[in-house]
Amino acid sequence: MSEQTNQNNHGKLEKIVLKSLEFPGVKINRTSFLQKELSKYFDDDIVKKAIETRPAQAGINIEDIECIAKACINNETLKVSALSAVAGIPGGFTMAIAMTADSIQFFAHIIRILQKLAYLYGWQEILGDEDGFDDETQNQLILFLGVMLGVNAANITLSKIALLSAQNVPKQLIRKALTKGVVYPVIKKTSAAIGIRMTKPIFAKAVGKIIPIVGAVASGGITYAFFKPMSKRLKNYLKELPLASIEYLKE
C-alpha cells in the first residue's frame, strides 16, 4: 500500500472519529463509570482504590471484571443494533444520508465500549476534557480500533504502551511514544487497515438500506454481527495485558 493511500485513509478515519465524538454520550467518564459498575459488587473502599489506581490494584480478580465487561458489551450491542435498525428504514434517495449517520453512530458506540473495557482492565481516562482531542488521544483511539479489527501492528504497539503504563512510566513519555518516533508510522498503517476492514460491513449495510423495512432488519443484524465480535476481541486482548493483572501490578 502506498504512503499516499495510508495518508488518505488516516485522514478519513480522523474525520469519522471526530464526527463520532459529537454523538451524545460518546465520552465515558472513567470515575463515574467505575463507581457505577463496581459499586454493584464491591464495598466503597475497594471501589475507591480501583478508581484511584486500577481495578486489579484494588484486588478485583479478572473473573469479576470479565462478568462486568460482558454485561457492558451486551448492553452496547443492543443499543447500537437498535439504532442501526432505525437508521436502516429509509430507502432510495435517503440511503446515502442514512448510511453516513449510521456509520458515525456505529463508530460512536465502538468508542463508548472501548472506553468502558479499557477502564475495567486498568487504563486511565481516554477522552478527558483537560487537553481536548489531541494527537495522543486520537492515536490511542486508532490503536484500540485496530485491535478490535484484528490489526496485528496495533496489538503489538498497544501492548508496549500498556507495559509502560503498568510500570508507572511518566505520562509525558507515553504521550511522546504515541505522537513521535517509530509509533506514528504504525498509527498511519493501522488507520489504512481499519479503512479497508470497515469497507465490508459499511457496504453490506448500505445495500440493506435500499429496501425499506427489510433494510432495517438487515442493518441491525449486520451491526450486531460486527459490533459484538469486535468488542469481544478487545476484551480478550485487554484482559491479558499487565494492567489487568493483580500479580504483575503487585510485583
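For clarity, every value in this text was computed on a predicted model and none was experimentally measured.
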**Check ion pair Lys19-Glu22 (N to O, under 4.0 angstrom)** = yes
**Request:** State the SG-NZ distance between Cys67 and Lys40, to the nearest 0.5 angstrom.
**Result:** 12.0 Å
**Minimum heavy-atom distance Met148-Ile113, with the two atoms named** = CE-CG2, 3.9 Å
**Message:** Within the structure provided, determine whether Phe23 and Ile111 are in side-chain contact (heavy-atom separation under 4.5 Å).
**Reply:** no
**Request:** State whether the number of non-hydrogen atoms from other residues, nucleotides or ligands found under 6.0 Å of Asp44 atom CG is greater than 12.
**Result:** no
**CG-NZ distance between Asn74 and Lys232, expressed to the nearest 0.5 angstrom** = 9.0 Å
**Fill in**
Leu249 and Leu243 have their tightest heavy-atom pair at CD1-O, 3.5 Å
**Complete:** One should read off an interatomic distance between Ser20 OG and Arg112 CZ, to the nearest 0.5 angstrom, of 12.5 Å
**Request:** Identify the two heavy atoms, one from Cys72 and one from Leu120, that lie closest to each other, and give their separation to 0.1 Å.
**Result:** SG-CD1, 4.4 Å
**Prompt:** Do the non-hydrogen side-chain atoms of Ile46 and Tyr41 ever get within less than 4.5 Å of each other?
**Reply:** no
**Message:** Using a 3.5 Å distance criterion without hydrogens, assess whether the side chain of Gln124 forms a donor-acceptor pair with backbone atoms of Thr53.
**Reply:** yes
**Request:** Hey, could you give me the NZ/CD distance between Lys48 and Gln35, rounded to the nearest 0.5 Å?
**Result:** 11.0 Å
**Request:** Determine the sole option in Lys235, Lys116, Glu66 for which the side chain to side chain donor-acceptor pair (under 3.5 Å) test with Tyr121 is passed.
**Result:** Glu66
**Asked** Just wondering, do Thr157 and Thr190 contact through their side chains at under 4.5 Å, heavy atoms?
**Response** no
**Message:** Within the 4.5 Å heavy-atom criterion, are Ile68 and Leu38 side-chain neighbours or not?
**Reply:** yes
**Request:** Look at the aromatic rings of Tyr119 and Phe33 and report parallel, tilted or perpendicular, splitting at 30° and 60°.
**Result:** tilted
**Fill in**
Heavy-atom nearest pair, Ala162 first then Leu241, reads CB-CD1, 3.8 Å
**Message:** Set out, in order, the CA-CA distance, both residues' side-chain angles and the distance that settles side-chain contact (heavy atoms from CB on, under 4.5 Å) for Ile28 and Leu127, then state yes or no.
**Reply:** CA-CA 8 Å; Ile28 304 297; Leu127 293 177; over 6 Å; no
**Item:** Heavy-atom check, side chain of Tyr248 versus side chain of Gln167, under 4.5 Å
**Value:** yes
**Fill in**
Rounded to the nearest 0.5 angstrom, the CD-CG distance for Gln140 and Leu158 is 7.0 Å
**Request:** Could you check if a side-chain atom of Val147 sits within less than 4.5 angstrom of a side-chain atom of Leu114, using non-hydrogen atoms only?
**Result:** no
**Complete:** Minimal heavy-atom distance between Ala50 and Ala58, with the atoms involved, is N-CB, 3.5 Å
**Request:** Could you tell me which non-hydrogen atom of Arg30 sits nearest to which non-hydrogen atom of Ile51, and how far apart they are?
**Result:** NH1-O, 2.7 Å
**Evaluation steps, side-chain contact (heavy atoms from CB on, under 4.5 Å), between Trp123 and Ile161** = CA-CA 10 Å; Trp123 294 73; Ile161 291 168; 4.1 Å; yes
**Prompt:** Under 4.5 Å between side-chain heavy atoms, hopping through other hydrophobics if needed: is there a path connecting Ile60 to Ile246?
**Reply:** no
**Item:** Spatial distance of atom CD (Gln57) from atom OG (Ser245) [nearest 0.5 Å]
**Value:** 10.5 Å
**Asked** Just by modelled atom types, is the Leu18 backbone N or O under 3.5 Å from a matching donor or acceptor in the Gln138 side chain?
**Response** no
**Prompt:** Arg54 versus Ser165: any side-chain heavy-atom pair under 4.5 Å?
**Reply:** yes
**Prompt:** Below 4.5 Å, heavy atoms only, C-beta onward: do Leu117 and Tyr237 meet side chain to side chain?
**Reply:** no
